[in-house]
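Written out below as C-alpha cells is the structure these notes cover.
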Amino acid sequence: MDRHLNDFAGLTSDWFWEIDANRRLVFLSQNAETILGRPVSDLIGLERSAFAAPGATWDAYEVAIGERREIRDFIYPYDHRDGSRRWFELSGMPIYDGAGAFLGYRGVGSDVTVQQDARAELAEQVRRFDAALENMTQGLCMFDAESRLVVVNNRYCDIFGLNRSILRVGMTQREIVEELVRLGRYQKGLTVDQICEGTRTSLALGHGAPVHRELADGRVIAVSYRLMEGGGWVATFEDVTERRRNEARIAHMARHDALTGLPNRVALREIGPDLQQDRMAGKLAVLCLDLDRFKAVNDAHGHSVGDSLLRAVADRLRANLGDVDLVVRLGGDEFAVLNRVKDEQESLRLGLRVIELLGAPYVLGDIPVQVGVSVGVAIDEDGGRDIELLLRNADMALYHAKSLGRGAVSLFDPKMDDQAQARMELERDLRTALATGALELHYQPLLELSEGAVTGMEALVRWRHPRKGMISPAAFIPVAEETGIILQLGEWVLNQACRDAAGWPSDVSVAVNVSAVQLRHRSFAQSVLLALASSGLRPERLELEITESVLLDDTEIILETLHLLRRMGIRIAMDDFGTGYSSLSYLRRFPFDKIKIDQSFVRNAAGEGGAIIRALVGLGATLGITTLVEGIETEEQLATVRAEGAQEAQGFLFSPPKPAHEVLDLFRKERTSAAA
C-alpha cells in the first residue's frame with residue numbers, strides 16, 4: 001500500500017500521510033521530504049503538530065480527530081528550512097480495522113502557499129477598501145447593472161440621516177429614494193420620479209458633472225454619477241453647503257465694498273449694461289459723487305473717524321435712495337448712483353436731492369462732522385454708451401461741479417471732454433516745465449505807506465510756455481493742486497524765492513504763497529527750514545501767505561505746522577482777507593502777523609468798500625496785526641487807504657511783478673531816490 005501511495009504521490013504536488021490512534025505519524029510519502037525540506041525519517045513518530053510553525057493553531061484539527069470526524073480544509077503555517085513561510089492544507093478520513101476499532105487517520109497534504117498569499121492579499125485589499133470607504137468625506141453608493149445596491153458607506157447614511165439598517169444590499173435605487181422622500185429628507189415638491197430621472201439623465205450624458213440637490217434642512221448635496229465597466233454605476237454624495245456659502249461670500253466680496261457693504265465698480269460694470277437695455281424705464285443716468293472736505297475729517301480726527309463717516313454716508317444713501325436702481329462706492333470718498341430718468345431735469349433733481357441728503361450734519365460717536373458733496377451727471381441718451389464712458393463723462397462733470405464750488409451739481413457737456421483733454425495736456429506740460437526749469441519767479445513790491453519804502457516782495461510764479469506764451473497762474477495752479485504737482489512746484493518756488501531774497505537788502509522780506517495741499521504734509525515745515533538753511537536767509541525775512549481755504553480744514557496738522565514755523569521767527573500772513581464767511585473767526589484760532597485786505601474792496605473804495613477797509617484796518621490795529629491792502633492801481637485808491645490807516649499797500653500803481661533780475665534795479669533806484 002505504501003509503495004502504491006509513493007508511486008502515486010510522485011505524479012502529483014501533494015503528499016500522503018497517516019497517523020495512528022495516538023496521533024503520531026506512521027507514514028509520509030517520499031515526496032514529502034522535498035516539500036517539507038526535512039527527511040521523512042526525522043518526522044515519523046512525531047505528532048503532526050510538532051513540526052508546524054510556532055504559534056500555529058491546531059484546534060480545529062484536534063477537535064476533528066477527537067470527534068472522529070473528517071478533516072477538511074485545515075490550513076496551517078510551516079517554516080521551511082530555506083527560510084520561507086509556507087502554508088499547507090490537510091484533508092483526511094478516520095480509518096478503522098475490520099472489527100471497527102479506530103486506527104488513526106489517513107489523508108492528503110497540499111502546499112497552498114500561493115493560494116493563501118493570494119487570499120491574504122485579497123483580504124488586505126478588502127480591508128483597505130473598507131477603510132477607504134468608511135473614511136471618505138463623501139457618501140458612496142454602488143449599484144449593479146439592475147440598479148440594485150451593492151455597496152454603501154456610513155458617510156452616505158450620515159449625510160441623509162439614515163439608520164444603516166434601513167439600507168440592504170439588493171435594494172433598488174428607487175426604493176432608496178422612496179425611503180428618503182418618505183422621511184422628508186428632500187425639499188418639498190421634489191418627487192421620486194424627478195430624482196430617478198435625473199440619475200438616468202446624468203448617466204446618459206456621462207460627463208460626471210455633479211447634480212445639486214437641496215435638502216429640506218437647507219443643506220446642498222452635490223451628487224456625481226459614473227458608469228462602471230461591465231455594467232452598474234457609482235454615485236457619490238458630497239455636502240457642499242459650506243463651500244456654496246463660501247463661494248457666495250467670495251462672489252459678494254468681489255462685487256461689494258468691504259467697508260460700506262455697497263456694490264463696487266465690478267458690480268456696476270455687470271449691472272449697468274442691464275439697466276441700459278431697459279429703455280422703457282427711461283434713460284440711464286450716472287451720477288458721480290465726491291465728498292467735500294473728507295480729507296480734512298481724516299486729517300483732523302484720524303482714519304477710523306473717516307471710515308465711520310464713509311459708512312454713515314453709505315447708510316444714508318441706502319436708507320433714502322431705495323427708489324434708485326443702484327448705489328455704488330467707487331473708492332475713497334467717491335460714490336456713484338445709477339438711475340433711469342425721463343430727462344436731464346430729473347437727473348439734476350436727483351443730484352440736488354443727494355447734496356441735501358449728504359450735507360446734513362453727522363455725529364460719529366461723540367464727534368460732530370459736516371461735509372458736503374459735489375455731483376457730476378452723465379446720461380445715456382441713445383442707450384448705446386459704454387458704462388465706463390458714462391462713468392468718465394460723469395467724472396468730468398463732477399470735476400466741473402467742484403470748480404463751481406462746494407455743493408454743486410453739473411451735467412456733462414461734450415465740451416467738457418475737450419476741456420479735460422486740454423487739462424491733461426496742461427498737466428503734462430507743467431510736469432515738463434518743472435523738470436526742465438522752464439518756470440520763473442516774478443516779484444511785486446510791498447510798500448510801507450508811512451515812509452513809502454519797499455519792505456518786502458511777493459514771489460509770483462510765472463510760466464512762459466514755448467507754444468502758448470505766458471500762462472496765467474489762475475490756469476495752472478488749480479491743476480497743480482489737484483494733481484499733487486503743487487508739492488514739487490511749491491518747494492521749487494520756496495527755495496528759489498529764498499535764494500533770490502538772500503541777495504536783496506537785509507531789511508527787505510520775501511512773501512511766498514502756500515497752498516493747503518502743501519501745509520497738509522508733515523514734511524512742509526522741514527522743507528521751509530531747509531530752504532532757509534541752504535539760502536542763508538534769516539527766518540524773519542520770510543513771510544508765508546495762506547488763504548482762508550487752508551484754515552477751512554481746521555486740521556491739527558496745519559495748525560501745528562503754522563505754530564512751529566511762527567516760533568522759528570517766520571511771519572504768517574492771511575491773503576484775501578475779508579472774502580470768506582468766517583475770516584474773522586480765523587484770527588482767534590491763529591495769531592497772524594499780517595492780513596492782506598482783498599483788492600475787491602479797493603475797487604469800491606468810494607462806496608461800502610471804504611467802510612469795510614476802515615473796519616478791517618481798525619480790527620488789525622486792535623489785534624496788533626499789520627494790515628496790507630492789495631490791488632492799488634490809482635492815486636485816488638492810495639489816498640483812500642492812507643486815510644483809512646492801512647500800514648502797507650501793494651499794486652500796479654507802485655510796480656507790476658518783475659523778473660528777478662529787474663528787482664535789483666528797483667532797489668538801486670529806490671536807494672538812489674531816498675539818498676537824493
Side-chain angles (χ1 to χ4, degrees), residues 248-292 294 297 306-365 368-381 383 385 387-388 390-391 393-395 397-398 401 406-412:
R249 278 194 292 268
I250 292 170
H252 185 273
M253 289 168 60
R255 292 167 177 79
H256 289 78
D257 172 54
L259 178 65
T260 64
L262 288 175
N264 60 13
R265 193 181 287 267
V266 174
L268 184 148
R269 292 194 190 103
E270 293 178 352
I271 300 172
D274 293 335
L275 297 176
Q276 289 175 284
Q277 299 304 315
D278 189 2
R279 300 295 293 167
M280 296 297 294
K283 306 169 185 177
L284 180 63
V286 177
L287 284 70
C288 279
L289 325 175
D290 185 78
L291 300 182
D292 298 324
F294 172 73
V297 174
D307 288 348
S308 296
L309 175 59
L310 291 173
R311 284 191 289 267
V313 167
D315 290 342
R316 281 193 188 179
L317 292 172
R318 254 191 302 262
N320 297 279
L321 296 184
D323 54 334
V324 303
D325 292 311
L326 186 64
V327 177
V328 174
R329 184 188 177 202
L330 298 175
D333 61 340
E334 294 185 16
F335 296 80
V337 174
L338 275 67
N339 196 43
R340 286 162 293 191
V341 298
K342 295 180 184 137
D343 51 32
E344 294 178 354
Q345 291 306 311
E346 187 178 352
S347 69
L348 292 174
R349 284 195 296 272
L350 177 58
L352 292 172
R353 179 180 161 197
V354 169
I355 291 171
E356 181 181 4
L357 172 66
L358 300 185
Y362 300 81
V363 177
L364 308 173
V369 170
Q370 187 161 11
V371 294
V373 64
S374 299
V375 181
V377 183
I379 299 178
D380 186 14
E381 295 287 354
R385 296 294 179 92
I387 195 68
E388 288 292 340
L390 286 172
L391 269 175
N393 291 347
D395 195 54
L398 172 63
R406 294 190 176 108
V409 57
S410 178
L411 186 66
F412 173 75

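Atoms considered below: every heavy atom in the structure, side chains included; atoms not considered: hydrogens, waters and symmetry mates.
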Pairwise distance [atom1]([X]) to [atom2]([Y]) - rounded to 0.5 angstrom:
X: Leu317; Y: Leu262; atom1: CG; atom2: CG; value: 7.0 Å
X: Glu270; Y: Leu326; atom1: CD; atom2: CG; value: 11.0 Å
X: Glu388; Y: Asp395; atom1: CD; atom2: CG; value: 11.0 Å

Do you know which two heavy atoms are closest between [X] and [Y], and how far apart they sit?
X: Val324; Y: Val327; answer: CG2-CG2, 3.7 Å
X: Ala378; Y: Ala394; answer: CB-N, 3.5 Å
X: Ala285; Y: Val341; answer: CB-CG2, 3.9 Å
X: Arg318; Y: Asp315; answer: NH2-OD1, 2.8 Å
X: Leu268; Y: Pro273; answer: O-CD, 4.1 Å

Any [X] side-chain heavy atom under 4.5 Å of [Y] side chain:
X: Asp325; Y: Arg340; value: yes
X: Ile379; Y: Glu344; value: yes
X: Arg353; Y: Leu321; value: yes
X: Tyr362; Y: Leu309; value: yes
X: Cys288; Y: Val375; value: no
X: Ile355; Y: Leu289; value: no
X: Leu358; Y: Val371; value: no
X: Ile387; Y: Asp380; value: no

Step-by-step side-chain contact (heavy atoms from CB on, under 4.5 Å) determination, Leu348 to Leu411: CA-CA 7 Å; Leu348 292 174; Leu411 186 66; 4.1 Å; yes
Do side-chain atoms of [X] reach the backbone of [Y] as a donor and acceptor pair under 3.5 angstrom?
X: Asp307; Y: Leu310; answer: no
X: His252; Y: Ala248; answer: no
X: Glu334; Y: Leu330; answer: no
X: Asn320; Y: Arg316; answer: yes

Electrostatic pair Arg265:Asp257 at N-O distance under 4.0 angstrom: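 Salt bridge: no.
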Test side-chain contact (heavy atoms from CB on, under 4.5 Å) applied to Asp290 and Val373, step by step: CA-CA 6 Å; Asp290 185 78; Val373 64; 5.8 Å; no
Within 6.0 Å of CD in Gln370, more than 12 heavy atoms from elsewhere: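 For Gln370, atom CD is crowded (more than 12 foreign heavy atoms under 6.0 Å).
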Steps toward side-chain contact (heavy atoms from CB on, under 4.5 Å) verdict (Leu390, Leu338): CA-CA 10 Å; Leu390 286 172; Leu338 275 67; over 6 Å; no
Test log, rule side-chain contact (heavy atoms from CB on, under 4.5 Å), inputs Arg329 and Thr260: CA-CA 8 Å; Arg329 184 188 177 202; Thr260 64; 4.0 Å; yes
